[in-house]
There are 2 protein chains.
Amino acid sequence: MFQGVRLMSNTDTCNDSRRTMELDNQDLEILKILQVDVRTAIERIADQVGLSTASVQRRLKRLRDNHVISSDVAVVEPKAVGQTMTFLLHVELDRDNLDFLVVFKKKMRNEPRVQQCYYVTGESDFILIVTAKDMEDFDALTQELFFDDSNVRRYKTSVVMERTKVSLALPLG
Amino acid sequence: MFQGVRLMSNTDTCNDSRRTMELDNQDLEILKILQVDVRTAIERIADQVGLSTASVQRRLKRLRDNHVISSDVAVVEPKAVGQTMTFLLHVELDRDNLDFLVVFKKKMRNEPRVQQCYYVTGESDFILIVTAKDMEDFDALTQELFFDDSNVRRYKTSVVMERTKVSLALPLG
DNA sequence: GGTGAAAACGTTACGAG
DNA sequence: CTCGTAACGTTTTCACC
């Protein structure tokens, strides 16, 4: 019985609607606006871009269907919800074993206090951006992530004194 | 002539509607949902939280007016718009002079390729998360940011091999 | 905090270029 | 294949309970 994953041959088309999509200037204009405020009325976008609402609508649907827009999120102010501290961690793993990597990444993705996790070149393996309510919360987190049954060789903590710029916006056009 | 910054006395009230607001579990539930998808219909949120749409509506307005929700953004997929590379930079400034700091921060906020900028404790002064179209684009950026008329003592580049987790979501409740 | 009517908004079908 | 117009359905908003 065939239990493996069905792989695509070279000639197959990758049909997960993630193929690169051509974007014209008007698409980019739409993205520029929505990157700053998703709640902008389509009518207003239409005015600004010089298209009808229907056209903007269609483009928007295409942008979302093709995962050019990967998500639409409300950005919450950390201090307003008691997350008063931000840290930046450099993490070095014990081995470059693939299984450990997979386990570690999964752990990061499942931990809400880890906002961001980057696998990088250089001395460290991973760089994490982490929020915590207070020092105690942070200590508990490092305990969970790095001591209890872990393959972390060492880690280095930087305290964020100021979140000078925090965004996911991209340069467009 | 008075040229300094007008400081608030201890007894002044900071009247920018950014004062801490009490959040109950239902507010947190609303935030949890919107953090993942701002486009969730209010009716659906109401169902999930166990309130009427009007109530959710009012809470939402309060959350936005009080900057608990600081913005609503569309997250764009970097690769889809030609931003194929991500870097993490450690930057050390020449002096801890306040004016230099202010100038540097402003530069970071005005540069679209700098997505994030954190002022941190430790060896480095700043940590940047940067996107670029390619190596050439990245080179141009470092040139602009760090060489032309700058107070940067040194910087270190890490190439991001994988954006394992990239979000601005916070742990709530 | 809930209800419901009015208004605003997003969506889709259609015909045109 | 993409546009705009216009009618349609849904969602949000708001005065009132």
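Sequence lines set the chain letters: A, B, ... in the order given, protein chains first and strands last, and positions in each chain run from 1. These numbers come from the heavy atoms of this one structure, side chains and all, not from hydrogens, waters or symmetry mates.
- Counting only heavy atoms from C-beta on, A:Arg58 has its side chain closest to C:dC14 among C:dG2, C:dC14, D:dA6.
- A:Ser55 has a side-chain polar atom (N or O) that falls below the 4.0 Å cut-off from OP1 or OP2 of D:dC3.
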(message) Run the side-chain contact (heavy atoms from CB on, under 4.5 Å) test on B:Lys133 and B:Thr84 for me, step by step, so that the C-alpha distance in whole Å, both residues' side-chain angles and the decisive distance to 0.1 Å come before the verdict.
(response) CA-CA 5 Å; B:Lys133 283 200 238 296; B:Thr84 58; 5.6 Å; no
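- Within residues 41-51 of chain B, the residues approaching DNA chain C are B:Leu51, by heavy-atom distance under 4.0 Å.
- Atoms CD (A:Gln57) and C1' (D:dA6) sit 15 Å apart, rounded to a whole Å.
- What separates CG of B:Leu60 from C1' of D:dC14 is a distance of 15 Å, to the nearest Å.
- Classified by interplanar angle (parallel below 30°, tilted 30° to 60°, perpendicular above 60°), the ring pair B:His90/A:His90 is tilted.
- Annotation: A:Phe126 is not in aromatic contact with A:Tyr118 [ring centroid separation under 6.0 Å not met].
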(message) Does A:Arg153 form a side-chain contact (heavy atoms from CB on, under 4.5 Å) with A:Leu93? I'd like the steps, not just the answer.
(response) CA-CA 5 Å; A:Arg153 192 207 304 267; A:Leu93 295 193; over 6 Å; no
(request) Just do the side-chain contact (heavy atoms from CB on, under 4.5 Å) check on A:Lys156 and A:Leu89 with the steps written out, would you? (result) CA-CA 6 Å; A:Lys156 205 177 73 185; A:Leu89 302 183; over 6 Å; no
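- Close to C:dC9, at under 4.0 Å from its OP1 or OP2, lies no side-chain N or O of A:Arg39.
- When rounded to the nearest whole Å, the span between NZ of A:Lys61 and P of C:dT12 equals 7 Å.
- Ring geometry for A:Phe146 versus A:Tyr155: interplanar angle of 30 to 60°, hence tilted.
- Side-chain atoms of B:Arg59 lie closest to C:dG1 of the nucleotides C:dG2, D:dT2, C:dG1.
- Separating the CZ atom in A:Arg59 from the CD atom in A:Glu29 is a distance of 11.0 Å, to the nearest 0.5 Å.
- A:Lys79 has its side chain out of reach of A:Arg163: every pair of non-hydrogen atoms, C-beta onward, lies at least 4.5 Å apart.
- Distances shorter than 4.0 Å separate none of the side-chain N or O atoms of B:Ser52 from OP1 or OP2 on C:dG1.
- With contacts defined as side-chain heavy-atom distances shorter than 4.5 Å, the pair A:Val68/A:Leu23 qualifies.
- When only modelled atom types and interatomic distance are considered, B:Glu77 and B:Gln83 share no side-chain donor-acceptor pair under 3.5 Å.
- Environment of CD in A:Gln143: crowded, with over 12 heavy atoms of neighbouring residues, nucleotides or ligands closer than 6.0 Å.
- Rounded to 10 degrees, the angle separating the terminal helix axes of the helix from C:dG1-D:dC17 to C:dG17-D:dC1, each built from five base pairs, is 20°.
- Residues from residues 25-37 of chain B lying near DNA chain C, meaning a heavy-atom separation below 4.0 Å, are absent.
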